[in-house]
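To start, the structure itself, in structure tokens.
Chain naming here is simple, since letters A, B, ... match the order of the sequence lines and numbering starts at 1 in each. Owing to the predicted nature of the structure, the values given are computational and were not obtained by experimental measurement.
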Number of protein chains: 2
Amino acid sequence: MTVSSLAIASAALATDACDSCPIRHRAVCASCEGEELDRLAEMKTYRSWKAGDVIAMEGDELPFVASLVTGCASLTRTLEDGRTQMVGLLMPSDFLGRPGRRMAAYEVTAATDVTLCMFKRGAFEVMLADTPNVSRRLLEMSLDELDAAREWMVLLGRKTAREKVATLLAIILRRASNDAAPLRAQLPLTRDAMASYLGLTIETVSRQMTALRKAGVIELDGTRGIACHDLAALLTEAGDDEDGTFLS
Amino acid sequence: MTVSSLAIASAALATDACDSCPIRHRAVCASCEGEELDRLAEMKTYRSWKAGDVIAMEGDELPFVASLVTGCASLTRTLEDGRTQMVGLLMPSDFLGRPGRRMAAYEVTAATDVTLCMFKRGAFEVMLADTPNVSRRLLEMSLDELDAAREWMVLLGRKTAREKVATLLAIILRRASNDAAPLRAQLPLTRDAMASYLGLTIETVSRQMTALRKAGVIELDGTRGIACHDLAALLTEAGDDEDGTFLS
DNA sequence: AAGGCGCCTTGATGCAGGTCAAGCGACGTG
DNA sequence: CACGTCGCTTGACCTGCATCAAGGCGCCTT
């Protein structure tokens, strides 16, 4: 409403990680007009967690919805006997919390240090109801997540351990480095978290990582750093080396 | 707009499977007002497929969105080497097609005989844009599907073959019979489709079905009929019978 | 009636990935 | 410094499911 809040809004529009938008993405900001941005700016608060912190347990009251600003968080489901499967991996600009449902359906854990931009449910849902641009964007984001979940199901149901690990590494490498070989990244996940993502055990993940390294398709730098000159090789040739060239 | 179309709308409201609503569900119809129902009635057309028919291949142009009226259809993804994983199972009132994307992202196959209620994309999207009730309902449905996909991921990633089969049977039994033991159903899926759903082979599905029958937790009637007096037993005790009582 | 086909079941065997166990390097703490 | 812990790796072994193969049953066609 005031000149200063509009100035903040314009500044936000100049970056990809828009600061004033619940969905934290330029595509939305571009369609948010002044008044909406003002309302959002008044609703939001920030909060941070350390790597490993549990942000919410399954069944907890989650009195906010939020947009992930920095870091990486996971959604996991645990069966009665303790088996656990990751079912969501949130990266910056991803949305957390379901409008209209206060209970957390999954355990939410900070994989790395995390900052959330949080909105009180009441205010957010009022805004959703009378801001078609934002609700349409939220629908798009849900459908993108559904597509991602379906790709993930193919991975869980049909891929071999080596393909699983290669696929996950490729996803992370692509997100981290915007092209320009060699692709490099710091893994935001522990081996445990990777195993949970992939439906494998930690030992199998570890073995496949060293197998990929020995096959020459990736390089490891310490326990978190990875590099890859050829994503295609990672994804297709992974599992060759039949003559054992790299093992001798 | 006319008296007769309003009459049709009211009649539709009296049943759960609403005939005039793109989302085919009373919850939506209850929030759809007269004018919207009229517009929907003018947009829709019906079309049927036989069991086994391919409704759309991955990458096909899908010039409509639709609501599944009767029967059961599957979404599947196939890897380059032919491995295939089901990633969606549509039942009556489920929605098919993504607004804003004309390409089919998955192969759509009729599991049983199927009828779709179809809407031209252009008209549907115009209506979406200025009908908040319907677009909100579509968001809810997407989020429900996302939850279902995540349950499915737990199944694919962490459950044993026996648990997988038991879980699928329980889902079908619950949908088919509204309580009142013994639960009975005709499976809408072939063993092949079940294997595709579960990330297993057809042989393993078959073996687990007979194991569950021998353990006494289900009965089989021909190849498609199943019954179960005790869902809890199916889901928890599945895999016991350690002393072989039922095998002697 | 014979033959063929689609769908399902059952058996024998092999292997990918799980399980159990040991050890290693980095880091923090008394 | 010794010690414990945490995250990771590696090895040895085992098992659940895939694979390969055969056969049964219902149904259609000729």
Side-chain angles (χ1 to χ4, degrees), chain A residues 50-53 79 81-85 109 111-112 155-166 168-169 186-214 218-226 238-242 247, chain B residues 50-53 79 81-85 109 111-112 155-166 168-169 186-214 218-226 238-239 242 247:
Chain A
K50 287 278 165 202
D53 287 353
L79 298 175
D81 62 359
R83 283 174 291 175
T84 182
Q85 173 67 49
T109 309
T112 64
L155 177 147
L156 290 171
R158 296 297 173 188
K159 291 192 180 177
T160 64
R162 186 171 290 212
E163 291 170 317
K164 285 178 173 182
V165 171
L168 175 56
L169 294 182
Q186 288 296 116
L187 296 175
L189 301 179
T190 62
R191 296 288 186 274
D192 252 303
M194 291 177 65
S196 176
Y197 184 108
L198 298 170
L200 296 172
T201 60
I202 180 177
E203 293 96 329
T204 299
V205 172
S206 182
R207 276 187 252 271
Q208 296 303 332
M209 295 280 286
T210 80
L212 290 171
R213 177 174 55 71
K214 286 184 179 162
I218 61 170
E219 281 140 38
L220 301 179
D221 173 20
T223 170
R224 292 299 190 95
I226 68 168
D240 288 4
D241 187 30
E242 286 170 13
L247 301 175
Chain B
K50 286 279 166 202
D53 287 354
L79 298 174
D81 62 358
R83 282 174 290 174
T84 181
Q85 173 67 49
T109 309
T112 63
L155 177 147
L156 289 171
R158 298 296 173 188
K159 292 193 179 176
T160 65
R162 186 171 291 213
E163 291 171 316
K164 285 178 172 182
V165 171
L168 175 57
L169 294 181
Q186 289 295 116
L187 296 174
L189 301 180
T190 62
R191 297 288 186 273
D192 252 303
M194 291 176 65
S196 176
Y197 184 108
L198 298 170
L200 296 172
T201 60
I202 181 177
E203 294 96 329
T204 299
V205 172
S206 182
R207 277 187 252 271
Q208 297 303 332
M209 295 279 287
T210 80
L212 290 171
R213 177 174 55 73
K214 286 184 178 162
I218 60 170
E219 282 140 37
L220 301 179
D221 174 20
T223 170
R224 292 297 189 98
I226 68 168
E242 287 170 14
L247 301 175

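A sub-4.0 Å separation between OP1 or OP2 of D:dG16 and a side-chain N or O of B:Thr160 is absent.
Between the CZ atom of A:Arg191 and the P atom of C:dA26 there is a distance of 15 Å, given to the nearest Å. Computed from coordinates, the A:Met209 CE to D:dT10 P distance equals 11 Å when rounded to whole Å. Separating the CG atom of B:Asp221 from the P atom of D:dG26 is a distance of 13 Å, rounded to the nearest angstrom. The distance from atom CG of A:Leu220 to atom C1' of C:dC24 is 16 Å, rounded to the nearest whole Å. Whole-Å rounding puts the B:Leu189 CG to C:dC7 P distance at 13 Å. With rounding to whole Å, A:Arg83 atom CZ is found 13 Å from C:dG18 atom P. Spacing between atom CD of B:Glu163 and atom C1' of D:dG16 amounts to 12 Å, rounded to whole angstrom units. The CZ-P distance, from B:Arg224 to C:dT9, rounds to 11 Å in whole Å.
Within residues 198-208 of chain B, the residues having any heavy atom under 4.0 Å from DNA chain C are, by residue number, B:Glu203, B:Ser206, B:Arg207.
The side-chain heavy atoms of B:Ile226 and B:Gln186, taken from C-beta on, include no pair separated by under 4.5 Å. Counting only heavy atoms from C-beta outward, the side chains of B:Val205 and B:Met209 approach each other to under 4.5 Å. B:Leu79 is not listed as a side-chain neighbour of B:Thr84, based on a closest heavy-atom distance of 4.5 Å or more.
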Assess whether side chain to side chain donor-acceptor pair (under 3.5 Å) is satisfied between A:Ser206 and A:Glu203, documenting all intermediate values. CA-CA 5 Å; A:Ser206 182; A:Glu203 293 96 329; over 6 Å; no

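A side chain to side chain contact (heavy atoms under 4.5 Å, CB included) with A:Arg191 is found for exactly one of A:Thr223, A:Leu200, A:Thr204, namely A:Thr223.
Between B:Leu198 atom CG and B:Leu156 atom CG the span is 7.5 Å, to the nearest 0.5 Å.
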